[in-house]
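Quick notes on the structure that follows.
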Amino acid sequence: MIRAVKYTDASQLADIYNYYVMFGTATFETEAVSADEMANRIQKIEGNSLPWIVAEDQRGSIIGYAYASKWKERHAYRHSVEITVYLDKNHRSQGLGSKLYAALFAHLKSISVHVAIAGIALPNETSIALHEKFAMKKVAHFAEVGNKFGKWVDVGYWQLVLNTMK
């Protein structure tokens, strides 16, 4: 089931995210995030009237989430968002990312978001395939902009125009 996030989800969201903090380069954070910090992040997204959705398994445990955040703070960027998806490490490569993104994109279109942007630490063929499945196009590549686990990491950006504006 896919539903809107609740503040009571913060601990499970932190658990999913912290796996990537500690063992991956999908995020450039290097210290685990607390449930309180995750609740603060939920509040910020909701405060900007943007969606944060979660996927639950049959037992009601959260197995993935996706959200949209402001792309930049300047007013002229208000029609663009950055999108993010994280899956529980035991629920990857099962189509869950596609289900979350389908729901997220539908919501973003309904609130007239113009452009969705995704940053991907490279290499990451699985994430690239997910984003390109939704017709996102690579628009930028920054070499060696992050350093995690003692190595330099490139970041690529993909974008999709969701709604045309007049």
Side-chain angles (χ1 to χ4, degrees), residues 1-71 80-113 115-136 138 146 148-149 153 155-160 162-163:
M1 177 176 90
I2 295 177
R3 62 166 174 79
V5 72
K6 297 184 255 182
Y7 289 107
T8 55
D9 298 329
S11 179
Q12 290 184 75
L13 298 177
D15 289 343
I16 291 169
Y17 182 69
N18 285 333
Y19 172 81
Y20 296 94
V21 171
M22 304 312 293
F23 302 108
T25 56
T27 176
F28 285 177
E29 287 195 74
T30 57
E31 294 185 22
V33 172
S34 69
D36 287 342
E37 173 57 26
M38 193 59 75
N40 289 338
R41 293 177 186 193
I42 294 168
Q43 183 177 23
K44 184 175 181 180
I45 297 299
E46 288 184 341
N48 289 319
S49 300
L50 292 171
W52 187 318
I53 57 176
V54 301
E56 291 181 324
D57 65 12
Q58 300 83 353
R59 298 170 296 146
S61 296
I62 296 174
I63 55 175
Y65 64 91
Y67 64 88
S69 57
K70 283 184 169 185
W71 167 240
S80 300
V81 297
E82 184 169 6
I83 57 171
T84 303
V85 63
Y86 285 98
L87 305 177
D88 177 87
K89 66 181 186 234
N90 298 315
H91 291 86
R92 296 183 291 191
S93 300
Q94 299 174 9
L96 183 59
S98 293
K99 290 176 185 172
L100 283 163
Y101 263 0
L104 185 68
F105 284 137
H107 188 107
L108 293 172
K109 287 178 182 179
S110 77
I111 60 172
S112 300
V113 168
V115 171
I117 302 163
I120 303 172
L122 303 172
N124 189 336
E125 293 306 315
T126 303
S127 187
I128 291 169
L130 171 64
H131 290 83
E132 290 183 352
K133 177 180 181 177
F134 286 91
M136 297 189 82
K138 187 175 183 183
K148 192 168 180 185
F149 307 127
V153 182
V155 175
Y157 279 91
W158 275 251
Q159 85 170 48
L160 176 64
L162 296 166
N163 287 301

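Along the sequence shown, the residues carry numbers beginning at 1. Remember, it's a predicted structure, so these values are computed and weren't measured experimentally.
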Work out which heavy atom in Ala10 is nearest to a heavy atom in Ala39; give both atom names and the distance. CB-N, 3.8 Å
Between OH on residue Tyr20 and CD on residue Glu29, distance to nearest 0.5 Å: 14.5 Å
State, yes or no, whether a side-chain contact exists between Met136 and Ile120 at a heavy-atom distance under 4.5 Å. no
Chi angles and distances behind the side chain to side chain contact (heavy atoms under 4.5 Å, CB included) call for Ile111, Leu50: CA-CA 9 Å; Ile111 60 172; Leu50 292 171; 4.2 Å; yes
Show the nearest heavy-atom pair for residues Leu160 and Ala135, with the distance to one decimal. CD1-O, 3.6 Å
Rounded to the nearest 0.5 Å, what's the gap from CG on Leu96 to CD1 on Ile63? Could you check? 5.0 Å
In chain order, what residues pass the side chain to side chain donor-acceptor pair (under 3.5 Å) check against Tyr7, with sequence neighbours excluded? Glu46
Side chains of Arg41 and Val33 in contact at under 4.5 Å (non-hydrogen atoms): yes
Sequence neighbours excluded, the answer for side chain to side chain donor-acceptor pair (under 3.5 Å) partners of His107 is none
Taken in chain and number order and not counting sequence neighbours, the residues that satisfy side-chain contact (heavy atoms from CB on, under 4.5 Å) with Lys89 are Tyr19, Arg92
Can you classify the ring geometry of Tyr86 versus Tyr17 as parallel (below 30°), tilted (30 to 60°) or perpendicular (above 60°)? perpendicular
State whether the side chain of Lys148 and the backbone N or O of Thr30 hold a donor-acceptor pair below 3.5 Å, judged by distance alone. no
Mind checking the OG-CG spacing from Ser11 to Asn18? Nearest 0.5 Å is all I need. 9.5 Å
Hits for salt bridge (Lys or Arg N to Asp or Glu O under 4.0 Å) against Asp9, two or more places apart or cross-chain, chain-then-number order -> Arg3
If you take all heavy atoms of Gly24 and Phe149, which pair is closest and at what distance? O-CE1, 3.4 Å
Using a cut-off of 6.0 Å, state whether more than 12 heavy atoms not belonging to Phe23 lie near its atom CZ. no
Kindly compute the distance separating CE (Met22) from CD (Glu31), expressed to the nearest 0.5 Å. 8.5 Å
The test is side chain to side chain contact (heavy atoms under 4.5 Å, CB included); show your working for Leu100 and Ile53 and say whether it passes. CA-CA 7 Å; Leu100 283 163; Ile53 57 176; 4.0 Å; yes
Yes or no on side chain to side chain contact (heavy atoms under 4.5 Å, CB included) for Ser98 and Phe134, after CA distance, side-chain angles and deciding distance? CA-CA 8 Å; Ser98 293; Phe134 286 91; 4.2 Å; yes
Could you give the distance from CG (Leu87) to OG1 (Thr126), rounded to the nearest 0.5 Å? 10.5 Å
Is there a side-chain contact between Leu108 and Pro51, using heavy atoms and a 4.5 Å cut-off? yes
For residues Lys99 and Ile2, report the shortest heavy-atom separation together with the two atoms involved. O-CD1, 3.5 Å
Stepwise, does the side chain to side chain contact (heavy atoms under 4.5 Å, CB included) test hold for Tyr157 with Glu82? CA-CA 10 Å; Tyr157 279 91; Glu82 184 169 6; 4.3 Å; yes
What are the two closest non-hydrogen atoms of Gly64 and Ile16, and how far apart are they? N-CD1, 3.9 Å
Quick one: list whatever passes side-chain contact (heavy atoms from CB on, under 4.5 Å) with Gln159, sequence neighbours left out. Val115, Ile117, Val139, Val161
Between Asn124 and Thr25, is there a side-chain heavy-atom distance shorter than 4.5 Å? no
Test item: Tyr65 and Val5 side chains (from C-beta on) under 4.5 Å apart, heavy atoms: no
So how far is it from Ile42 CD1 to Lys6 NZ, rounded to the nearest 0.5 Å? 11.5 Å
Partner residues of Trp158 under the ring pair (Phe, Tyr, Trp, His ring centres under 6.0 Å) criterion, sequence neighbours left out: none
Report, as yes or no, whether the 6.0 Å neighbourhood of atom NZ on Lys138 holds more than 12 heavy atoms from other residues, nucleotides or ligands. yes
Looking only at heavy atoms, which two atoms of Gly97 and Val85 are closest? And how far apart? CA-CG2, 4.4 Å
